[in-house]
Amino acid sequence: MTTADDALLADLKRVLGDRVRADSAERALLRRDASVFDGGSAGPTCLCESTEEVQRVVRIALAHGRSVVPRGAGTGLAGGAIPLGAPVIISLSRMNRILEVDTDSRNAWVEPGVVNLDLTKHLTPLGYHFAPDPSSQQVCTIGGNVGNNSGGPHCLAYGVTNAHILAIEVVLADGEIVTLGGLDAEPSGYDLRGVFIGGEGMLGITTKVAVRITPNPPAVRTLLLSFDTPRDAAATVSAVIAAGIVPAAMEVMDQRITIAVENYVNVGYPRDAGAVLLAEVDGLPDGVDIDAQRISDIGREHGATDVRQAASDEERMLLWKGRKTAFGAVAQIAPNYYLHDTVVPRSKLADTLEEVYRIAEEHDLAVVNVFHAGDGNLHPLLLFDGQEPGIYDRVHAAGAKIVEASLAAGGVLSGEHGIGVEKQPYMHQMFSEDDLDHQERLRHAFDPACRSNPGKVIPVGHSCADIQSLRNVPEEVWG
Amino acid sequence: MSDFAKLVGAEGPVTVVGGRTRWHVGGAVHSDAREVHAPSGVVSYDPAEMTVTVRAGTTTAELTATLAGADQRCALPERGGTVGGSVVIGENHPEVSGRGWLTSSVLQVTYISAEGKVVRGGGPTVKNVSGFDLPRLIVGSLGTLGLVEEVILRTNPIPPRSQWVESHDADPFTIASQVLRPSAVLWNGSSTRVLLEGHAPDVAASLNSLTSIGSWSEVDGSFDLPQYRWSLQPAELNGCSGTFVASIGVGTVWRDEPQPRPALSPSVIEISTRMKSNFDPTGRLNPGRSAF
């Protein structure tokens, strides 16, 4: 360890005491997030417990010429939380208090480390929930949801995180504390709140969030439709949207993942179906019955071999449990998976899905598909054994083809996982130099010196200040 | 390079003119600014995709009519003017709870930069987190960061039934506890109008629930709204007095006089000032007008 590190640590410890971690085990743990990406290098980790502590840590890092990376639960799948250049890591998981709930105005102030599902559990007895429900909601945090503009199955009808955040308290990269947005109807000025959401921690560090809370619908109908092929399921999804129905959720799983889920949690999915569609409508009792019937009819017109409606809340929860544990279930098929995330127009779902199967076959990889079909959000999981020599090259090559196919279908790079380091190399395929230049200008308005989570999103080499920020770290530091 | 980009060029003060329906917002544009008009027309509309690509100079009336032809609508307020003007003003529809927030409905934006370049932000799909969110920045920017050429908007089905009802004795603040997702609850101090939308049996059931808190009659539409919008917190609305219409649960209040511009914090002003100078270093886009 160098003298420079000693001085940094000493300054951090003066603020946080033993809540600064710099041992090798901790640093090894925080080099990664839930993505397949490696290669990060963590500096000291600061377990902050207040906005003021975050501010002081940011200022100390700045004084020592180090960048900062905010970290929630580390469930990100695009490498957005991977520390580059041995930054000071600011862990927000201890800032996990629900500060205030106002059911009259339908909002709540929470700290960024509050776990997504914990917020909804807290709101349930009051008759409300927090609408964004990513699959990782049992562990992911509200701060992370803000950073990624997270989605989830129910954002089909309710919208992604951006639609559910009213205001954000942020510590900027220079240590200033600022509140973006407000609880009023149409806060004046540029919509810096809206811009900050999905900023992947590169625009500042979230320290407090005002979320919109959503009343629980009195009636919910959940349908499980079975099909011979994923194409039939996808065609049903397109037809439901075309019929003017906006269900609360429409999720498709192919046969391989359906069987894996059945083996894993045994929730009653059909093992013999080529694909299943989980569709949910919510609202008032009469309307949901009308929509459930229409979805069932449309399904049968498009080849549904069986349509089942959950008869009880217990059955409904079981059906959802199956969908939400799908990523865990793939472990039976292969030790590793690489989860992709692209979006295509809904009418292109079936074609793109077939292209995904073809690409996997071409690269001699197993693939399963479990995805947010309602908004065209594909989630192919490439399955492999990480021990196999050269396997990652094949996995990344197949991933590149999937991205290419999605863009060719008129889609986008990411629906809810973000760019991080994963999709950085593809940004040029979706955006021109001028587009990227303007994204960079936006970022510099918040963080002119590129001190907050540098090296992500904007392609490497595009941002001089980012490179500068990463190179400022002495080579021997935190080796 | 598009014709509009050539028209905007890279030098000299320039202002884009829509329908002039909100020309006063953000200050008077300098008189030496050259006036340009954005191109108009619906570029593509696939109702089954629930998105529409439309040029900024298109009137909202034309867009509304196009969407209505496929039983759809969008979040833009139908108050005259152009699509581009509505997007950069950023006002929400008075029935925002039914229509959705304008900012969430702008999926992609194409604008001409201060350097005369065509810049695109966002993407064509209903869900997208690819890079920094330029569309959110452009909504409400008053044309100070780029001049909008084209947008892709999310559309939504028009509900099977829409019914306004009015009560003179119901407490407007208790309506949300009686009705799930009313599309609007407007209160003028003496009476309350509620917009119920959805399947016909749901609308009937909602109206039935409302009778427990007052007597109601069907009416043809909303109140006439005073000209100026005030942005308040929903919790502040019960203090409203004078001539007003308040959107309960939302916080918008329409009045005859404009709201004094609230003071922004020094840090917000600092970010905003940097944003403006990063996007428009010479201050040539709509000079004199400011969004903050």
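Everything quoted here is computed from the prediction, not taken from an experiment. Chain letters run A, B, ... following the sequence lines, proteins first, then strands; residues in each count from 1.
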Relative to chain A, which segment of [X] carries a heavy atom at a distance below 4.5 Å: side chain, backbone, both, or neither?
X        : result
B/Glu236 : neither
B/Val250 : both
B/Ser272 : both
B/Thr252 : both
B/Ser104 : side chain
B/Leu264 : side chain
B/Val118 : backbone

In terms of heavy-atom proximity below 4.5 Å to chain B, should [X] be classed as side chain, backbone, both, or neither?
X        : value
A/Glu176 : side chain
A/Val160 : side chain
A/Leu192 : side chain
A/Asp282 : both
A/Arg346 : both
A/Thr214 : neither
A/His417 : backbone

Please lay out, stage by stage, how A/Asp286 and B/His199 fare under the test side chain to side chain contact (heavy atoms under 4.5 Å, CB included).
CA-CA 8 Å; A/Asp286 291 327; B/His199 287 295; over 6 Å; no
Chain B interface, residue from [options] that has the most non-hydrogen pairs under 4.5 Å:
options                                : value
A/Leu413, A/Ile290, A/Asn107, A/Asp104 : A/Ile290
A/Asp174, A/Leu166, A/Asp291           : A/Asp291
A/Asn149, A/Ile197, A/Val343           : A/Val343
A/Gly415, A/Gly189, A/Gly244           : A/Gly415
A/Ser188, A/Ser150, A/Gly182           : A/Ser188

Does any part of the side chain of [Y], heavy atoms only, come nearer than 4.5 Å to the side chain of [X], both counted from C-beta?
X        : Y        : answer
A/Arg193 : B/Thr103 : yes
A/Asp184 : B/Trp230 : no
A/Val246 : B/Pro157 : yes
A/Asp191 : B/Val139 : no

So, B/Ser130 versus A/Tyr426: side-chain donor-acceptor pair below 3.5 Å or not?
no
For chain A, which candidate among [options] shows the most heavy-atom pairs at distances under 4.5 Å?
options                               : answer
B/Asn128, B/Val126, B/Asp71           : B/Asn128
B/Gly249, B/Gly90, B/Ala176, B/Ser177 : B/Ala176
B/Arg229, B/Arg261, B/Gln72           : B/Arg229
B/Pro124, B/Ser247, B/Pro160          : B/Pro124

Side chain to side chain contact (heavy atoms under 4.5 Å, CB included) between A/Leu284 and B/Ser206, intermediate numbers included:
CA-CA 9 Å; A/Leu284 294 175; B/Ser206 297; 3.4 Å; yes
Under the side chain to side chain contact (heavy atoms under 4.5 Å, CB included) rule, what do B/Asn92 and A/Glu186 come out as? Steps first, then yes or no, please.
CA-CA 8 Å; B/Asn92 289 290; A/Glu186 293 173 344; 3.0 Å; yes
Please check if the side chain of [X] supplies one atom and the backbone of [Y] the other of a donor-acceptor pair under 3.5 Å.
X        : Y        : value
B/Asp202 : A/Gly287 : yes
A/Ser105 : B/Pro234 : no
A/Asp435 : B/Arg120 : yes
B/Glu49  : A/Ser347 : yes
A/Gln439 : B/Phe132 : yes

Minimum heavy-atom separation for [X] and [Y], please, with both atom names.
X        : Y        : result
B/Gly131 : A/Val457 : CA-CG1, 3.8 Å
B/Thr125 : A/Gly410 : CG2-O, 4.0 Å
B/Val129 : A/Ile419 : O-CG1, 4.0 Å
A/Asn216 : B/Leu180 : O-CD1, 4.3 Å
B/Asn278 : A/Ala445 : ND2-N, 3.4 Å
A/Ala242 : B/Ala48  : CB-CB, 3.5 Å

Steps toward side chain to side chain contact (heavy atoms under 4.5 Å, CB included) verdict (A/Tyr190, B/Lys276)
CA-CA 10 Å; A/Tyr190 294 134; B/Lys276 171 66 178 172; 4.0 Å; yes
Under the criterion salt bridge (Lys or Arg N to Asp or Glu O under 4.0 Å), I'd like the reasoning laid out for A/Asp341 against B/Lys127: C-alpha separation, chi angles, the key distance, then a yes or no.
CA-CA 11 Å; A/Asp341 166 50; B/Lys127 203 172 174 190; over 6 Å; no
Relative to each other, are the rings of A/His438 and B/Tyr111 parallel, tilted or perpendicular (30° and 60° limits)?
tilted
Measuring from atom CZ of A/Phe431 to atom CG of B/Leu134, what distance do you get when rounded to the nearest 0.5 angstrom?
8.0 Å
Counting only heavy atoms from other residues, nucleotides and ligands, does the tally under 6.0 Å from NZ of B/Lys117 exceed 12?
no
